[in-house]
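Structure, as C-alpha cells:
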Amino acid sequence: MIIVLKSDRSEEQVHKFIDMLTERYDVTVNTWVGTHSTVLGLIGDTAAVDGEYIAAQDIVESVKRVQEPYKKANRKFHPDNTVIELPTGQKIGDGTLTLIAGPCSVESEEQICEVAARVKASGASFLRGGAFKPRTSPYAFQGLKAEGLELLKEARRETGLPIVTEIMSTSHLDLFEDVDVIQVGARNMQNFELLKALGHTDKPILLKRGLANTIEELLMSAEYIMAGGNERVILCERGIRTYETFTRNTLDISAVPILKKLSHLPVVVDPSHASGINWLVEPLAVAAAAVGADGLIIEVHNDPTRALCDGAQSLTPDQFDALAKKVRAVSETVKSL
Ligand SMILES: [Mn+2]
C-alpha cells in the first residue's frame with residue numbers, strides 16, 4: 001500500500017502517523033521523501049489496513065493499493081531513480097551510460113591487468129572478470145577461484161577500476177569482502193539463500209536475469225536482497241532462452257524500458273552473453289543504449305582466440321574501444337531528443 005502525504009505536513013505529524021501505522025498494523029513503513037511529496041510504502045499484512053480510515057487522516061493526500069508482489073523494488077515506493085555510487089566515485093544509474101568491461105574469466109595477472117588498462121583507456125569505469133565460474137560442463141575451466149579474486153584486486157590497484165565478480169555460494173562470502181560489486185549470475189537468480197545472505201551485506205549487487213525467468217521473477221529476486229536491508233541492486237538483462245538457436249540467448253530488449261518503468265533500480269544489459277557472437281555484441285549494445293539502459297557489461301579479452309571461456313563472444317580491446325565511442329554517442333543523442 002502506498003500513502004502519499006500532503007506537502008504541508010510537519011515532521012512531527014509524519015512520525016506520529018508512522019508510529020500509529022506500525023502499532024495498529026503488522027507492517028513496516030518505507031519512507032521516501034521527494035522535493036514535492038512524501039511517499040510511505042507499507043510492507044506486510046496490508047490486507048488488514050483500512051484504506052478509508054487512512055485516507056481520512058489529516059496529513060494524507062491519497063491511498064493506493066499496490067498489486068505487484070515486489071515492494072521495495074517498485075517504482076511506486078520510490079519514484080526517483082536509484083543511483084548506485086561507490087566510495088571511489090563511480091556511479092551506475094545517474095543518467096550516463098556506465099561501461100563495465102573485462103574478460104569472461106580471470107586467467108593470469110598479465111591478462112587481467114592488460115585488459116583492465118585497455119578498457120579503462122576506452123572509458124570503462126568498472127572491471128568485470130570471473131573468478132568462480134558456473135560452467136555448463138563440470139569438465140570445463142572452473143575459474144581461478146580465490147587466486148582469481150587476488151588478481152582482480154591487483155588489476156584494481158594498477159588501474160583504480162572497481163571490480164565486479166560473480167559469487168556462487170554463501171560459503172564464499174568472506175572471500176568477497178574486498179570486492180566492489182558482487183554479481184549474481186543467471187543460474188543463481190533464484191538461489192534464495194544466496195540472495196538473502198547478500199541482503200545482509202553492504203555491497204552493490206549486480207543481479208542477472210535467469211535464462212528462463214520472467215521480469216516479475218527478476219524483480220522478486222531483487223526484492224529478496226532488498227528485504228534483507230541491502231537496497232543497492234543493479235538489474236541485468238542478459239538474454240533469455242527462446243526457440244531461436246542462432247544466438248546463445250535472445251536479448252529481451254523490451255525488458256529494459258519495462259524494468260525502468262516498474263522499478264527505480266538501475267538496469268544494465270549484457271550483450272555478450274545475450275548473443276554469444278562477437279560481431280553481434282556491438283549492434284545489441286547500441287540497441288541497449290538507445291532504449292535507455294543505465295549501463296553495459298561487456299566481455300573483452302586481449303586474445304579472444306585463446307580465451308579459456310567465452311572467446312567467441314569476447315571483443316578485442318580495439319573492438320571495445322570502437323563500441324564505447326558508438327554507444328556513448330547513441331546514449332547522448334537519445335537523451336538530447
Ligand atoms: Mn562469460
Side-chain angles (χ1 to χ4, degrees), residues 98-108 111-112 114-116 118-119 124 126-145 147-149 151-152 155 161 163-169 172 176 179-189 191 194 205-213 234-241 245-252 268-285 288 293 295-317 319-320 323-324:
T98 301
L99 298 180
I100 306 165
C104 179
S105 309
V106 180
E107 296 170 9
S108 67
Q111 173 239 20
I112 191 68
E114 186 185 332
V115 174
R118 293 291 308 272
V119 298
F126 289 81
L127 174 66
R128 62 145 291 147
F132 292 87
K133 300 299 302 175
R135 301 301 298 279
T136 303
S137 164
Y139 309 117
F141 175 59
Q142 302 287 307
L144 294 180
K145 305 189 176 78
E147 188 199 341
L149 293 178
L151 297 180
L152 280 167
L161 291 181
I163 52 186
V164 182
T165 192
E166 177 169 357
I167 192 165
M168 294 207 329
S169 164
H172 297 150
F176 281 68
V179 163
D180 301 287
V181 177
I182 301 180
Q183 177 182 317
V184 175
R187 289 158 190 82
N188 270 318
M189 191 202 88
N191 180 341
L194 179 61
I205 309 295
L206 187 137
L207 177 65
K208 288 196 161 189
R209 179 179 179 182
L211 56 163
N213 284 112
I234 303 147
L235 305 169
C236 179
E237 163 57 38
R238 46 78 72 202
I240 51 175
R241 182 160 286 183
T245 55
F246 191 90
T247 46
R248 183 172 173 179
N249 294 283
T250 298
L251 179 62
D252 181 6
V268 310
V269 169
D270 175 348
S272 305
H273 291 90
S275 64
I277 304 169
N278 171 292
W279 57 264
L280 254 180
V281 173
E282 185 182 287
L284 295 187
L296 296 167
I297 178 164
I298 292 179
E299 289 192 341
V300 179
H301 198 285
N302 52 346
D303 187 0
T305 53
R306 295 218 184 110
L308 294 180
C309 181
D310 288 351
Q313 69 194 33
S314 295
L315 303 186
T316 63
Q319 289 170 332
F320 177 70
L323 174 147

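For the numbers below, each heavy atom of this structure counts, side chains included, while hydrogens, waters and symmetry mates do not. All figures in this text were calculated on a predicted structure; none of them were measured in a lab. When a ligand or atom number is given, it counts from 1 through the structure's own listing order.
When the Mn ion (ligand 1) is compared with the N/O/S atoms of Glu299, atom OE2 turns out nearest. Nearest N/O/S atom of Asp310 relative to the Mn ion (ligand 1): this is OD2. Between the Mn ion (ligand 1) and the N, O or S atoms of His273, the shortest distance is to NE2.
Among the atoms of Cys309, no N, O or S atom is found under 2.8 Å from the Mn ion (ligand 1).
Two residues are said to be in side-chain contact when any heavy atoms from C-beta on lie closer than 4.5 Å; Arg135 and Gln142 meet this criterion. Here the side chains of Leu211 and Arg238 are in contact, with some heavy-atom distance below 4.5 Å.
Ion pairing between Arg248 and Asp310 holds under the 4.0 Å rule for side-chain N and carboxylate O.
Donor-acceptor pairing under 3.5 Å is lacking for the side chains of Glu166 and Asn188.
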